[in-house]
Amino acid sequence: DIRLLGRLLGDTVRNQEGSPSFDVVESVRQSAIAFHRDENVAARRELERILDGLSREQTMIVARAFSYFSHLANLAEDLHNSRRKRRSDIDGDPPADGSLARALDRVAATGAGLEALTGFFRDGLIVPVLTAHPTEVQRKSVRDLEMQIEQLLQARERTRLTPQELAANDESIRGAVLALWQTRMLRLEKLDVLDEVANGLSFFEQTFLPEVPLLYGTLEDELQRRYPDAPLSELPSFLRIGSWIGGDRDGNPFVTADVLERALRMQSSRVFEYYLEQLHTLGAELSMTTLVTAVSAELIALADRSPDKSPHRRDEPYRRAL
């Protein structure tokens, strides 16, 4: 993955900035590798000579090239960690450190039972808190392009592509890398507080909103597998996501009462929008008809209260209930 992304980024630099600029970037890269890997004093002197001789424009190109390569290399590393975990799961390896299954194994090894576990989930509270500082650095445009590249790389690995599909995938990654190079990496103006709130919410859309319910579901499945004879109820909300963005009280003069209220409205609106989207998706999936299957009296009563009076859905109680 790193070789592929590095090659595409190099091609992009050559095509966009010209071969001389690409040669400078490549010289810096090779000298840096030789110095770092082999502690080569001559390579260090060569690196200093190249860097000291850069014009302002060349410095910008080199800085951007290495910054984007660092981003892409981190993306490839994340993908490889995911690949290793999937391979381990497929091979049936023992749970790895850091996994829920491994944590539950360690709890069981201490002799603690289900009662102690449920007590922990009932009384425990884990609250990761977002602050504005990380969101000020990376622009959402850059993050979106990196996610697009990640999804394209996953498709190469998890799907057996035809030669035509692989060529199309190559072209899509090349296009995303080009768009990344042509996208401004940093903001020219400082964000106001509500901009920070909106930017922070984009992290929720990509991580917490889909992943937190998945974590609860996985944990409930693990507990059910380990304690098949015990009646397990839904886990309480021991994991909650906090945010200081738009509500910090550290003397920030821009966080007024009005800003705090608008931040809360933006956050709660996004949560409701997400759940409404999920309900809409669920409605598309639950097409069951009473013509061929029986449903509970409670569901019928709920469906009968629906404002949806379409004759096309008269026999579809789940859709009307939703």
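Since we're looking at a predicted model, the values are computed, not measured. Excluded from the calculations below are hydrogen atoms, water molecules and symmetry mates; all remaining heavy atoms, backbone and side chain alike, are included.
- Of all heavy-atom pairs spanning Gly246 and Val255, the tightest one is O-CG1, 3.5 Å.
- Within the 4.5 Å cutoff, side-chain heavy atoms of Glu157 are placed close to those of Arg83.
- At least one side-chain heavy atom of His80 sits under 4.5 Å from a side-chain heavy atom of Arg84.
- What you find for Tyr216 and Phe238 is that their closest heavy atoms are OH-N, 3.2 Å.
- Listed for the Asp91 side chain is no donor-acceptor partner under 3.5 Å among the backbone atoms of Asp93.
- Gln182 CD: more than 12 foreign heavy atoms inside a 6.0 Å radius.
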Dump the intermediate steps for side-chain contact (heavy atoms from CB on, under 4.5 Å) on Val28 and Phe66, then the final yes or no. CA-CA 10 Å; Val28 171; Phe66 279 90; 3.7 Å; yes
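- The neighbour count for Arg184 CZ, taken as heavy atoms of other residues, nucleotides or ligands under 6.0 Å away, is above 12.
- A continuous path of hydrophobic side-chain contacts links Ile2 to Val177 [ILVMFWY only; heavy atoms under 4.5 Å].
- Both Ile126 and Leu104 are assigned to one and the same hydrophobic cluster, defined by single-linkage of ILVMFWY side chains at heavy-atom distances under 4.5 Å.
- Side-chain atoms of Leu302 and Glu298, non-hydrogen and from C-beta on, never get closer than 4.5 Å to each other.
- Cluster membership for Ile33 and Tyr68, using ILVMFWY side-chain heavy atoms within less than 4.5 angstrom, is not shared.
- Checked by atom type, the side-chain pair Arg319/Ser287 shows no donor-acceptor distance below 3.5 Å.
- For the atom pair CE of Met60 and OG of Ser67, the computed distance is 9.5 Å after rounding to the nearest 0.5 Å.
- With values rounded to the nearest 0.5 angstrom, Leu194 atom CG is found 11.5 Å from Ile245 atom CD1.
- Of all the heavy atoms in Pro317 and Ala303, the pair that sits closest is O-CB, 3.5 Å.
- For the pair Arg64 and Phe69, the NZ or CZ position fails the cation-pi test of under 6.0 Å to the six-membered ring centre and within 45 degrees of the ring normal.
- Nearest heavy-atom pair across Ser99 and Ala96 is OG-O, 2.6 Å.
- Side-chain N/O atoms of Glu220 and Gln224 include no donor and acceptor closer than 3.5 Å.
- In this structure the side chain of Val271 never reaches within 4.5 angstrom of the side chain of Phe204, judged on heavy atoms.
- For Tyr274 and Phe208, the ring centers are positioned 6.0 Å apart or more.
- Distance check: Leu51 CG to Thr59 OG1 gives 8.0 Å after rounding to the nearest 0.5 Å.
- Counting only distance, with no hydrogens or angles, the side chain of Ser55 and the backbone of Gln58 share a donor-acceptor pair below 3.5 Å.
- The distance from atom CG of Leu299 to atom CG of Leu286, rounded to the nearest 0.5 Å, is 9.5 Å.
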Could you go through Val295 and Tyr318, starting from their C-alpha distance and side-chain angles, then the distance that decides it, and tell me whether this counts as side-chain contact (heavy atoms from CB on, under 4.5 Å)? CA-CA 9 Å; Val295 298; Tyr318 287 100; 3.9 Å; yes
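- A donor-acceptor pair is defined here as one N or O able to donate and one able to accept, closer than 3.5 Å; no such pair exists between the side chain of Asn169 and the backbone of Glu165.
- With salt bridges taken as basic N to acidic carboxylate O contacts below 4.0 Å, none links Arg45 and Glu48.
- Taken from OG in Ser88 to NZ in Lys85, the straight-line distance is 7.5 Å, to the nearest 0.5 Å.
- Looking at heavy atoms from C-beta onward, Thr281 lies in side-chain contact with Glu285 at the 4.5 angstrom threshold.
- A salt bridge is defined here as a Lys NZ or Arg NE, NH1 or NH2 lying under 4.0 Å from an Asp or Glu carboxylate O, and Arg226 with Asp105 meets this definition.
- Taking all atoms of both residues into account, the shortest heavy-atom contact from Ser269 to Arg265 is OG-O, 2.7 Å.
- In this structure, Val41 and Phe35 have side chains that are not in contact, with every pair of non-hydrogen atoms separated by 4.5 Å or more.
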Run the numbers on Arg225 and Asp221 for salt bridge (charged side-chain N to carboxylate O under 4.0 Å, His left out), then give the verdict. CA-CA 6 Å; Arg225 182 175 65 82; Asp221 289 345; over 6 Å; no
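- Counting only heavy atoms from C-beta outward, the side chains of Leu153 and Leu5 approach each other to under 4.5 Å.
- In terms of heavy-atom proximity, Gly247 sits nearest to Leu260 at CA-CD1, 3.7 Å.
- Annotation for Tyr227: atom OH counts as buried by contact number, over 12 foreign heavy atoms lying within 6.0 Å.
- Side-chain N/O atoms of Asp315 and Thr290 include no donor and acceptor closer than 3.5 Å.
- Put simply, Phe120 and Leu235 are part of the same group of oily side chains (I, L, V, M, F, W, Y) that touch within less than 4.5 Å, one to the next.
- Ionic pairing of Glu46 and Arg49 is present here: one or more N-O contacts between side-chain nitrogen and carboxylate oxygen are shorter than 4.0 angstrom.
- Within 6.0 Å of the CZ atom in Arg44, the count of heavy atoms belonging to other residues, nucleotides or ligands does not exceed 12.
- Asn199 places none of its side-chain heavy atoms less than 4.5 Å from the side chain of Asp195.
- For the atom pair CG of Leu152 and CG of Asp170, the computed distance is 10.0 Å after rounding to the nearest 0.5 Å.
- A donor-acceptor distance shorter than 3.5 angstrom exists from the side chain of Thr12 to the backbone of Leu8, with no hydrogens or angles considered.
- A salt bridge between Glu273 and Arg270 is present, with a side-chain N of the basic residue lying under 4.0 Å from a carboxylate O of the acidic one.
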Using side-chain contact (heavy atoms from CB on, under 4.5 Å), reason through Arg156 and Leu4 one step at a time and then give a plain yes or no. CA-CA 12 Å; Arg156 296 168 75 94; Leu4 170 66; 3.9 Å; yes
Under the side-chain contact (heavy atoms from CB on, under 4.5 Å) rule, what do Trp244 and Val129 come out as? Steps first, then yes or no, please. CA-CA 7 Å; Trp244 285 352; Val129 178; 3.6 Å; yes
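- Using a cut-off of 4.0 Å between Lys/Arg side-chain N and Asp/Glu carboxylate O, Arg320 and Asp308 are scored as not salt-bridged.
- Both Val259 and Phe254 are part of a single hydrophobic cluster, where members link through side-chain heavy atoms under 4.5 Å apart.
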